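The model shown is predicted, which means the values in this text are computed figures rather than measured ones. Per chain, numbering begins at 1; letters A, B, ... match sequence-line order.
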2 protein chains.
Amino acid sequence: MVSIKDIAKHAGVSISTVSYALNGSPKVTPETTSRILAIAKELNYIPNAAARQLKKQESRIIGAFLTDFTGAFYGDLLQGMKEVLNRKGYDLIVCSGLQSHRLLPERMIDGAIILDLTFSDEELLDFADRGHKLVVLDRELNHPAVNEVLLDNKAGANLAMDYLIQNGHRKLYIVTGPKDTFDSRQRMIAVRQTLDRHPEVTAVVLDGDFNKGSGEAAARVIIDAYDGPVGVFCLNDEMAIGLHNYATAQGFRIGEQISVVGFDNIDLTRYLQPQLSTIHYSKHRWGAMASEQLLRLINGESVEHERIYVSLVEGESVSNIIE
Amino acid sequence: MVSIKDIAKHAGVSISTVSYALNGSPKVTPETTSRILAIAKELNYIPNAAARQLKKQESRIIGAFLTDFTGAFYGDLLQGMKEVLNRKGYDLIVCSGLQSHRLLPERMIDGAIILDLTFSDEELLDFADRGHKLVVLDRELNHPAVNEVLLDNKAGANLAMDYLIQNGHRKLYIVTGPKDTFDSRQRMIAVRQTLDRHPEVTAVVLDGDFNKGSGEAAARVIIDAYDGPVGVFCLNDEMAIGLHNYATAQGFRIGEQISVVGFDNIDLTRYLQPQLSTIHYSKHRWGAMASEQLLRLINGESVEHERIYVSLVEGESVSNIIE
DNA sequence: TTGTACGCGTTATCAA
DNA sequence: TTGATAACGCGTACAA
């Protein structure tokens, strides 16, 4: 491997001169600099990341940690993160799984964006105590080295519930997500608040897990008990799709007999007929904001927790049953 | 930051003793070792990856490079890679974009798996010449430091074409992928071979780009010229879905008037009615195989190029028009 | 422009 | 045997 030492030898200068030249320091004359650069290029010199990192105590790499690699969900989010980071001279790497957690404490990366249930709060607080900078997308975590960039889940759930109620629905089903996820818990809090405000509405809560299968299971329950139009709020789109497919296959009409609202507005919903009503937010913006906040933390700038706002996308999956 | 120096000070031994103890060397007495481990734990010691890497000239991190982060496509593939790597004590990071290419030559990672058109062949060969180990999933590349793990695209395209022809289709459309992708080119070679073997079949080639939109565009062309049952081979599923949706929305019946075969068997096709006929292969296995080959390369073991075998999944999107 | 200490962990060599 | 000393990997940056 060719190092600055080799360049120094070829150029007949010291390694420090080479280093200065490569970094464009004015301490070296332009002639010497260009001569050194030419030699470096000729020798195919490429700096060693480990050596630079050891000295500078930074890698200019940011890690995004995901619970798993599945999910069409993440494309835009990661793209948003990457664009911001690249613009500021940072690289993004995506990691998943318990083993990869080490990258943070071992200082391989300068900071992390967490959307990963395999990290416990304690573990993250421990990293933060060590001085590592974090942005969390999947929990609330109070620590000066941690910034939250969270979805406005409550507003979204409110929008979804109000939409069903305003369309005349008095008999509702709620299909929940896993109890250990922040998003599901927050959405359920807002659901209960809405229900408290509307005593005329009856609601049945069905346990779900954010996967298609639990949407199908919910559809079975709803169909078994069917005796007139109902509204269903699935706490994410994937379950709404499962419900949609199962009910449709059983001859039920979504948007007439069963009104459905999802959450996330994932790409997949474009393939549904009728179009799914759902809660939208910009995943790209979410990722971009997470990166911006993380860079601010790293640069020692002041940061406040951020919220990503959501909106209702109306589709034909919800009918107005007020006559 | 606490380093082995701090531990040595606390334990009253030299830093080398600490290092030996931490690495379980028999050169240190069990008592001393356990005492040192206790102190390390108490001080919350975590080794510095850059320092270890600088000395050992390895990071035990493997990079998977993807053209972009979109595509539900990659979940299983990456999972397959990760499982194999983790089992062997390696970590996987996922990278995308031109900037991240530097991770390889700068020796941040011990090897790379490439499914990324933003790398040119020349660039990869240059890396290989430098001694970096590569596995390519998206091209043929002959170099002792490069291993190919490729889909058996030709067999898949043959299966698809034969299936349509065996079901009586004599009027075919082929919707291609981008001309600069290996997969599309290989599939087209097999398509032409099949057509050469079947002079009784007429085929129209429509340019596509592997995205849903070009499937829709193809549907428009096919519908405009429609005068009886046709068979369509879309070189990937995403275009097949676009074609399917557009044609269905126009009142055409897939699996009756228009028979469709896709390629890839992506999860999304589960949402289609009727079920799409397509070419299946295990993405998980593809990823696992790529990792295994890369580790063999890194360990200096002999490797031969690998093929991932494919099979036909029959769905109702193809009808038999032989009466 | 150059010599050199430094960042931190690993390991060969040498002394007790 | 046990453990300490020092060289090493490579680039950076201060002092000279």
For D:dT5, does OP1 or OP2 lie under 4.0 Å from any side-chain N or O of B:S14?
no
Within-4.5 Å side-chain heavy-atom neighbours: B:I114 and B:L137
no
Nearest to side-chain heavy atoms of B:K56, which nucleotide of D:dT12, C:dT2, C:dT10:
C:dT10
Between CZ of A:R60 and P of D:dG11 the distance, given in whole Å, is 18 Å
When rounded to whole Å, the CG to P distance for the pair B:N48 and C:dC6 reads 17 Å
Check the phosphate of C:dT11 against B:S19, side-chain N and O only, distance under 4.0 Å to OP1 or OP2. Yes or no?
no
Minimum-distance nucleotide (side-chain atoms of B:K55 versus D:dC10, D:dG3, D:dG9):
D:dG9
Report yes if the distance between the aromatic ring centroids of A:F119 and A:F65 is under 6.0 Å, otherwise no.
yes
5′-ward residue of the pair B:I4/A:V13 relative to DNA chain C:
A:V13
Has B:N23 got a side-chain N or O lying under 4.0 Å from the OP1 or OP2 atom of C:dT10?
yes
Quick check: do B:I36 and B:T17 have side-chain heavy atoms less than 4.5 Å from each other?
yes
Kindly point out which of C:dG7, C:dG9, D:dT2 is positioned nearest to the side chain of B:T29?
D:dT2
Any A:Y45 side-chain nitrogen or oxygen under 4.0 Å from OP1 or OP2 of D:dC10:
no
Nucleotide D:dC8, atom P - distance to NZ of A:K5 in whole Å
8 Å
Output the rounded distance in Å from CZ (A:R52) to P (C:dC8).
17 Å
For B:R35 and D:dT2, what is the distance between atoms CZ and C1' respectively, to the nearest whole Å?
13 Å
What does A:Q53 touch in the nucleic acid at a heavy-atom separation under 4.0 angstrom: a base, only the sugar-phosphate, or nothing?
nothing
Touch class at under 4.0 angstrom, heavy-atom based, for B:V18 against every strand present
nothing
Suppose we screen for side chain to side chain contact (heavy atoms under 4.5 Å, CB included). Which residues come up paired with A:R107, at least two apart in sequence or across chains?
A:H132, B:M1, B:N48
Between C:dC8, D:dC10, C:dT4, which nucleotide gets closest to the side-chain atoms of A:I15?
C:dT4
Which part of the nucleic acid, if any, lies within contact of B:T32, taking any heavy atom under 4.0 Å across all strands shown: a base, the sugar-phosphate backbone alone, or nothing?
sugar-phosphate
Does B:Y90 have B:R60 sitting over its ring (NZ/CZ under 6.0 Å from centre, angle to axis within 45°)?
yes
Report yes if a side-chain nitrogen or oxygen of A:S16 is closer than 4.0 Å to either non-bridging phosphate oxygen (OP1 or OP2) of D:dG11; otherwise report no.
no
